[in-house]
Amino acid sequence: MCGITGWASFHTDARTQAPVIEAMTATLAPRGPDAGGVWLGERAAVGHRRLAVIDIEGGRQPMPDRANEPTAVLSYSGEVYNHHELRDQLRTLGHEFRTRSDTEVVLRAYAEWGEGVAEHLDGMFAFAVWDERAQRLLLVRDRLGVKPLFWARIEGGLAFASEPKALFAHPEIRPRVDTDGLREAYSLLFTTGPTIWSGVREVEPGGVLVLDRDGVRERRYWQLAAGYHDDGRDETVARVHDLVSTAARAQLEADVPLCSLLSGGIDSTVLTALLADELRLREGPDARIRSYAVDYSDQAEQFTGDVLRTGYDTPYATEAGAFIGTDHSTVVLDPHALLDPEHRKAVVVARDSPIGVGDMDTSLYLLFGEIRRHSTVALSGEAADEVFGGYPWFHNPKALAAPTFPWLLVTGDDAAMPLNPELGLNMGEFRADTYRDALAAVPHIEGETETEHRQREMQHLSLTRWLRQLLHRKDRLSMAQGLEVRVPYCDHRLVEYAYSVPWALKSFDGREKSLLRAAGAGLAPDSVLLRPKNHYPATHHPDYNRGLQDMAREVLPSVRELADETRIKPCLDTPPDRLEWGHRLRLERVVDLALWLDHYRPELAL
């Protein structure tokens, strides 16, 4: 896992701009703490920061196809899990290899298939290829958008990067925010393409972008499609088990220490059990995978349920670790550490955005920092709720009937930092228009019932929007600590199969994630398999609420241009032990907005 950046321009000579590409690359050092490099040609500059995971010595980047007078240069981030099979295939086609890295497989695959290379790759990836012969820049992003890739226009071409901060090191790209960016950020609709930054866009998940002398063109090589499902219940459960197992096995490869994130929920427990079984097959019966959970020093005494959490995680995670036989650790965080201004600033800078979830982001950042002391790769149960229908909105009649994005019924305006009404953002109209566009993009099949039709919409919205912000969060906060996080439930074959399974079969036992629960039988304790959905934990200590109120009170004057003080001040006056989750999140976003403004000093074109 790494950081990539660079540009191509047909109006300037990149060979004269070494300090620029070096500065852009340096901003991504946390993503790649092991090595860095740049390549300069007449029309393109390419930079790379490396987190070495496979072939430590051989996978250095940017990687040219040949040492002298290269015809193509690659800067690549991610993991291609079918690289062994592709290597064998490419050898039969006449390609020779000098390393064991999946990076070189991607480079040789480009030489063979050109712009069609993405269709041959399985994994999580974002990469750029500069083709010297064709004078063409190719940007490619994985199917689900696990790895980020941003771009912006410059004179005569475009610049690209894993994170916007690298783009801002280019002299032609400045941090600028307009009303469209604020709508995208604070509407909580998680559109991919536009960003909070004016002129900065994302390459679409499953997308390819090409720049040549004819201009810029984009296409999608993959997107969700609805198909008919003929398998019965037993066949479907068996197929789900096989798909999850295959994804887990493929993602266990690494030349560095590896671990699992084990929260005590069904998603991470089933995944960890499969990983542990595979590790024992490879290394012997005594092999044990490391697993990690997060907790707070106050949680056992202070825990109270809220709209997102029904129970206390730690006992379930401990039980799951013992059942599976992992080397399990619980990272216990002090609530006061979550208020540390340096930690909070590090999170805002990692995200390049003021939009986050406060203490849950800071705690994840600190958790990843602790894990990185022992492991370089972690596997996560992210995306199982989207794939198998685990969220409350799949099962709540009110959410199913609501003419809006379902998570807004959970987060609502209480959780969104209220913006100054004088900005004239017309957020309600923007949300309604975006919702109509989102529904228009949902693929259906003929003859489905009204219930199936609606559930397919809910799953599409969850997979193409809600999941994207979770993947961004996990990527940014893990890579800020130099930790690679893999997400086997994002395997596109699993996602494709599950999306076509009828809702009646997805919920055959009347509960959430019926298929995963059945597929995971015997892999987890019954207490975990039968446990209701529980979101990532948050601290419940009144001292945290009190400290957050103090921080928000201090920074409120600095955000007056953007924030609606009249709706924030009541949250400051609430007793700390009675501060509701949504109102607390409102204060979190006030603090993060102030930190973001102070760090980036963006031009506000409002």
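Keep in mind that what you see is a predicted model, and the values were worked out from it rather than measured.
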- Task: Report the relative orientation of the aromatic rings in F394 and Y391; use parallel for angles under 30°, tilted for 30 to 60°, perpendicular for over 60°.
- Result: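 Taking Y391 first and then F394, their aromatic rings lie parallel (interplane angle under 30°).
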
- Could you tell me how the ring of H170 sits relative to the ring of W7: parallel (under 30°), tilted (30 to 60°) or perpendicular (over 60°)? perpendicular

- Which residue pairs pass the salt bridge (charged side-chain N to carboxylate O under 4.0 Å, His left out) test when at least one of the two sits in residues 263-273, sequence neighbours left out?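 Only D267-K513 qualify under salt bridge (charged side-chain N to carboxylate O under 4.0 Å, His left out).
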
- Item | Pairs involving residues 62-76, ordered by first then second residue, that meet salt bridge (charged side-chain N to carboxylate O under 4.0 Å, His left out) (sequence neighbours left out) |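 Counting only pairs at least two positions apart or across chains, no salt bridge (charged side-chain N to carboxylate O under 4.0 Å, His left out) contact touches residues 62-76.
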
- Query: Do the side chain of E202 and the main chain of L149 share a donor and acceptor less than 3.5 angstrom apart?
  - Reply: no

- Message: Could you check whether any side-chain N or O of S162 sits under 3.5 Å from a backbone N or O of I4, counting only pairs where one atom can act as donor and the other as acceptor?
- Response: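 Answer holds: yes.
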
Electrostatic pair [X]-[Y], nearest N-O below 4.0 angstrom:
| X | Y | answer |
| --- | --- | --- |
| D242 | R239 | no |
| E484 | R486 | yes |
| E218 | R141 | no |

Just so I know, are the side chains of [X] and [Y] near enough to count as touching, which here means a heavy-atom distance under 4.5 Å?
| X | Y | answer |
| --- | --- | --- |
| M63 | S101 | yes |
| F160 | L137 | yes |
| R100 | D255 | yes |
| L51 | V256 | no |
| V200 | L167 | yes |
| L274 | V270 | yes |
| V240 | L243 | no |
| V347 | R351 | yes |

Just jot down the salt bridge (Lys or Arg N to Asp or Glu O under 4.0 Å) partners of [X], sequence neighbours excluded, or say none.
| X | value |
| --- | --- |
| R493 | D122, D491 |
| R288 | none |
| R373 | E370 |
| E115 | R136, R217 |

- Query: What distance separates R517 CZ from I266 CD1, expressed to the nearest 0.5 Å?
  - Reply: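 CD1 of I266 is found 5.0 Å from CZ of R517.
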
- Message: Applying side chain to side chain donor-acceptor pair (under 3.5 Å) as the test, list every pair that has at least one member in residues 84-94; sequence neighbours left out.
- Response: H84-E253

Sequence-distant partners of [X], ring-ring contact (aromatic ring centres under 6.0 Å, His included), two or more places apart:
| X | answer |
| --- | --- |
| H460 | none |
| Y499 | none |
| W197 | F168, W596, Y600 |

- Item | Pairs meeting criterion ring-ring contact (aromatic ring centres under 6.0 Å, His included) with involvement of residues 92-122, two or more places apart |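 Sorted result for residues 92-122: W113-H120.
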
May I have the list of side-chain donor-acceptor pairs in residues 374-381 shorter than 3.5 Å, sequence neighbours left out?
{"unit_1": "S380", "atom_1": "OG", "unit_2": "E382", "atom_2": "N", "d": "3.2"}
{"unit_1": "S380", "atom_1": "OG", "unit_2": "K474", "atom_2": "NZ", "d": "3.0"}

